[in-house]
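Before any comments, here is the structure.
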2 protein chains.
Amino acid sequence: MIKRKAVKKSLECKVRITAITDTMQVLSGKWKIHILGTLLQGGKMRFMDLLREIDGIAAKMLSKELQDLEMNQLVTRTVVDTKPITVEYEVTEYGKTMEPIIDEIANWGVFYRNRLHGKTE
Amino acid sequence: MIKRKAVKKSLECKVRITAITDTMQVLSGKWKIHILGTLLQGGKMRFMDLLREIDGIAAKMLSKELQDLEMNQLVTRTVVDTKPITVEYEVTEYGKTMEPIIDEIANWGVFYRNRLHGKTE
DNA sequence: TGCATTAGTTACCAATTGGAAACTAGTTTC
DNA sequence: GAAACTAGTTTCCAATTGGTAACTAATGCA
């Protein structure tokens with residue numbers, strides 16, 4: 001007695017799940033969204049700028065996460081031949097397509113705080 | 001010689017970082033977005049429905065993640081007095097406010113796949 | 001000469017995450 | 001009476017994540 005498998009898992013459903021998994025993998029970890037968000041509003045920024053701007057991140061993490069983002073072509077890394085060499089990071093055009101996601105996430109977070117504290121609408 | 005601290009970390013920047021951290025905490029883990037996404041498109045669903053629908057998830061994880069989502073009031077849990085009792089999960093009105101985020105994330109994932117495979121626009 | 005700054009890297013460690021499998025417990029069906 | 005289905009829980013384990021702190025290496029400044 002073989003049970004017919006439920007045909008619930010439609011193709012579009014699977015595509016959606018894969019899509020979500022992909023995006024979350026690209027944004028994986030505690031810091032990537034913050035780095036992207038900071039670079040999106042700061043434009044070109046150096047390693048030490050980011051280290052100082054992003055509260056709580058350690059050099060090791062920043063370095064590693066930037067490498068991930070660079071591999072996924074969301075940011076570019078440019079060595080500038082200054083006195084002590086500096087390295088500039090910048091969000092690519094492709095990386096900017098993440099902006100709607102980050103904005104939605106930030107918006108929701110604000111909404112969430114408002115709901116927690118009073119707001120008896 | 002005290003260096004003036006850079007006033008870069010503006011208040012709105014901090015608010016944004018907190019907001020992002022909050023949202024990501026609510027959505028933390030490998031499965032919450034998938035559970036929410038599945039419930040959003042499936043409406044009321046039972047535990048076993050979700051277990052079968054969400055590919056790869058184990059009962060332990062589903063149970064734990066549903067508890068988290070319930071605690072954050074994103075889903076409701078209702079015991080139904082059927083022959084073998086069943087439990088229905090459903091996204092709350094509040095939970096539905098996550099939809100834009102999930103949609104953006106899913107959209108980006110599709111865009112990402114298209115970019116990877118060919119697409120020389 | 002020695003310290004500061006740049007941009008990292010390395011080593012070590014602790015906590016968290018998540019997976020597999022077995023188990024509970026009540027009800028129903030064969 | 002055994003098996004199956006409901007909704008989980010429990011235990012045990014392995015891998016991943018991420019933090020601290022120290023270190024490298026090149027250059028500039030006093």
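We name chains A, B, ... by the order of the sequence lines, and we start the count at 1 in each one.
Using a 3.5 Å distance cut-off with no hydrogens or angles, the side chains of A:R16 and B:Q41 do not pair a donor with an acceptor.
Summarising the geometry, the separation between NZ on B:K30 and P on C:dT16 is reported as 19 Å, rounded to the nearest angstrom. When the P atom of C:dA25 is taken as reference, atom NZ of B:K83 falls 25 Å away, rounded to whole Å. If you take CG of A:D68 and C1' of D:dT16, they are 13 Å apart, rounded to a whole angstrom. For the pair B:I35 CD1 and C:dG18 P, the computed distance is 11 Å after rounding to whole Å. Rounded to a whole Å, the CE atom of B:M61 is 6 Å from the P atom of C:dG18. The CD-P distance, from A:Q25 to C:dG18, rounds to 13 Å in whole Å. Note: CE (A:M24) to P (C:dG18) measures 11 Å, nearest angstrom. Here the P atom of nucleotide D:dG18 and the CD atom of A:E65 are 6 Å apart, to the nearest Å.
Remark: A:R52 is in phosphate contact with C:dT6, judged by side-chain N or O atoms under 4.0 Å from OP1 or OP2. For A:R46 and C:dG8, the shortest distance from a side-chain N or O to OP1 or OP2 is not below 4.0 Å. One finds no side-chain N or O of A:Q67 lying less than 4.0 angstrom from the OP1 or OP2 phosphate oxygen of C:dG8. B:S63 has a side-chain polar atom (N or O) that falls below the 4.0 Å cut-off from OP1 or OP2 of D:dT9.
A side chain to side chain contact (heavy atoms under 4.5 Å, CB included) with B:R46 holds for exactly one of B:T82, B:V80, B:L51, B:T86; it is B:T86.
Scanning both residues, B:I102 and A:I20, for their nearest heavy atoms gives CG2-CD1, 4.0 Å.
When the nearest nucleotides of DNA chain C are assigned to B:A59 and A:T86 by heavy-atom distance, the more 5′-ward of the two goes with A:T86. Along DNA chain D, the nucleotide nearest to A:S28 and the one nearest to A:P84 differ in position, and the one closer to the 5' end is contacted by A:S28. Residues A:L66 and B:G56 each lie close to DNA chain C; by heavy-atom proximity, the contact nearer the 5' end of the strand is made by A:L66.
B:A58 comes within 4.0 angstrom of no nucleic acid atom, judged by non-hydrogen atoms across all strands.
Looking only at distances, no side-chain donor or acceptor of B:K64 sits under 3.5 Å from a matching main-chain atom of B:K60. Remark: side-chain polar atoms of B:T97 are not paired, donor with acceptor, to backbone N or O of B:E93 under 3.5 angstrom.
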